[in-house]
Asker: 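Can you read through this structure? Questions will come right after.
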Amino acid sequence: MSAAPPFLKTRGAALTALGVGAILFGIVIVAPIAAAFSAQDDEIEDSLRQLGFYRAEIAAKPALEAELKSLNAQGASVPGVIDAPSTAIAQAKLQSEIKSIVEANGGSVRSMQVMASANQSGFEIVAVQSDLSVPEARLKDLATAVAAHAPYLFVDEASVSAPPREPDDPANRQATLDIRWTVHGYRWGSAK
């Protein structure tokens with residue numbers, strides 16, 4: 001028959017072989033399946049945790065929108081900003097304000113050009129470049145009017161030139177200055 005050792009023919013050997021087989025079955029088959037189920041449980045817990053977080057975020061959305069609306073209303077009512085619902089209207093208001101200031105100080109506006117707007121810290125910067133003329137004696141008044149104006153106006157660039165004149169000519173004492181400047185103001189909100 002077979003040349004197997006007598007130990008292998010005993011009941012103890014069969015039980016040992018069965019035990020080793022069960023251990024190998026557990027290691028090779030059962031352990032990976034248990035690990036897969038455990039990993040799935042961890043993923044499910046993580047997904048549920050994320051779902052709870054997202055539901056809390058969604059539930060908080062109406063309150064955050066109300067707070068944003070309130071902050072926007074407060075920002076729009078900040079003294080010194082141009083009150084306008086859009087960029088185009090803010091630019092038109094700025095042009096009108098500049099024209100009024102120049103004419104109130106005895107000057108005249110020759111041309112205006114709207115500059116591209118930019119955003120900074122929740123405000124939109126609206127700028128206009130203007131060519132104007134003003135009597136030399138009123139330059140200080142013009143600068144004071146711009147500095148004291150509400151909404152606040154800021155001169156970014158300015159070049160002032162005067163036509164040549166004879167120092168002894170009394171008729172030419174009140175020279176008219178040619179000014180080119182870029183003035184900007186702030187509007188609450190971003191460009192629309």
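The first residue of the sequence shown is numbered 1, and numbering continues consecutively from there.
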Asker: Nearest 0.5 Å, what's the CG-CD1 distance between Leu132 and Ile98?
Answerer: 9.0 Å
Asker: Check whether any side-chain N or O of Ser70 sits under 3.5 Å from a backbone N or O of Ala66 as a donor-acceptor pair, and report yes or no.
Answerer: no
Asker: Between Ser38 and Ala34 (side chain of the first, backbone of the second, donor and acceptor by atom type, cut-off under 3.5 Å), is there such a pair?
Answerer: no
Asker: One pair to check against side chain to side chain contact (heavy atoms under 4.5 Å, CB included): Ile179 and Leu139. What are the steps and the verdict?
Answerer: CA-CA 10 Å; Ile179 300 173; Leu139 180 61; 3.6 Å; yes
Asker: Which value, rounded to the nearest 0.5 Å, describes the distance between Tyr54 atom OH and Ser47 atom OG?
Answerer: 9.5 Å
Asker: Looking at side-chain heavy atoms only, is the closest gap between Thr182 and Val128 below 4.5 Å?
Answerer: no
Asker: Can you measure from CD (Glu97) to CG (Leu153) and round to the nearest 0.5 angstrom?
Answerer: 7.0 Å
Asker: Is it true that the side chains of Thr87 and Glu124 contain a donor and an acceptor less than 3.5 Å apart?
Answerer: yes
Asker: Between the side chains of Lys61 and Glu57, is the shortest nitrogen-to-carboxylate-oxygen separation below 4.0 Å, so that they form an ion pair?
Answerer: no
Asker: Angle between ring planes, Phe154 versus His184, binned at 30° and 60°: parallel, tilted or perpendicular?
Answerer: parallel
Asker: Does the Thr144 side chain pair with the main chain of Lys140, one donor and one acceptor, at a distance under 3.5 Å?
Answerer: yes
Asker: Looking at CG of Leu94 and CZ of Arg187, how far apart are the two atoms once the value is rounded to the nearest 0.5 Å?
Answerer: 12.5 Å
Asker: Can you name the nearest heavy-atom pair linking Gly80 to Pro151, along with the distance?
Answerer: O-CB, 3.4 Å
Asker: Does the side chain of Ile82 come within less than 4.5 Å of Tyr186's, by heavy atoms?
Answerer: no
Asker: Taking atom CD of Gln50 and atom CD of Glu45, what is their separation to the nearest 0.5 Å?
Answerer: 12.5 Å
Asker: May I have the step-by-step check of side chain to side chain contact (heavy atoms under 4.5 Å, CB included) for Thr176 and Glu136, ending in yes or no?
Answerer: CA-CA 5 Å; Thr176 299; Glu136 182 178 17; over 6 Å; no
Asker: I'd like to know if Asp178 pairs up with Arg110 as an ion pair, taking the criterion as any Lys NZ or Arg NE/NH1/NH2 lying under 4.0 Å from an Asp or Glu carboxylate oxygen.
Answerer: yes
Asker: Is there a side-chain contact between Ser130 and Trp181 (heavy atoms, below 4.5 Å)?
Answerer: yes
Asker: Take Met112 and Gln129 through the side chain to side chain contact (heavy atoms under 4.5 Å, CB included) test and state the conclusion after the steps.
Answerer: CA-CA 6 Å; Met112 284 190 182; Gln129 185 179 58; over 6 Å; no
Asker: Is any side-chain heavy atom of Ile33 closer than 4.5 Å to one of Ile29?
Answerer: yes
Asker: Ser133 and Ser108: side-chain donor and acceptor closer than 3.5 Å?
Answerer: yes
Asker: Can you find a heavy atom in the side chain of Glu67 that is under 4.5 Å from one in the side chain of Leu64?
Answerer: yes
Asker: Mind checking whether Leu142 and Val102 have side chains closer than 4.5 Å, heavy atoms only?
Answerer: yes
Asker: Set out, in order, the CA-CA distance, both residues' side-chain angles and the distance that settles side chain to side chain contact (heavy atoms under 4.5 Å, CB included) for Val183 and Asp156, then state yes or no.
Answerer: CA-CA 6 Å; Val183 176; Asp156 292 330; over 6 Å; no
Asker: Going by the rule side chain to side chain donor-acceptor pair (under 3.5 Å), which residues pair with Ser111 if we only count those two or more places apart in sequence or in a different chain?
Answerer: Asp131
Asker: Phe37, Phe25: one ILVMFWY side-chain cluster at the under-4.5 Å cut-off?
Answerer: yes
Asker: Should Ile27 and Val20 be counted in the same cluster of Ile, Leu, Val, Met, Phe, Trp and Tyr side chains packed under 4.5 Å apart?
Answerer: no
Asker: Please report the interatomic distance CD1(Ile101) to OG(Ser96), rounded to the nearest 0.5 Å.
Answerer: 9.5 Å
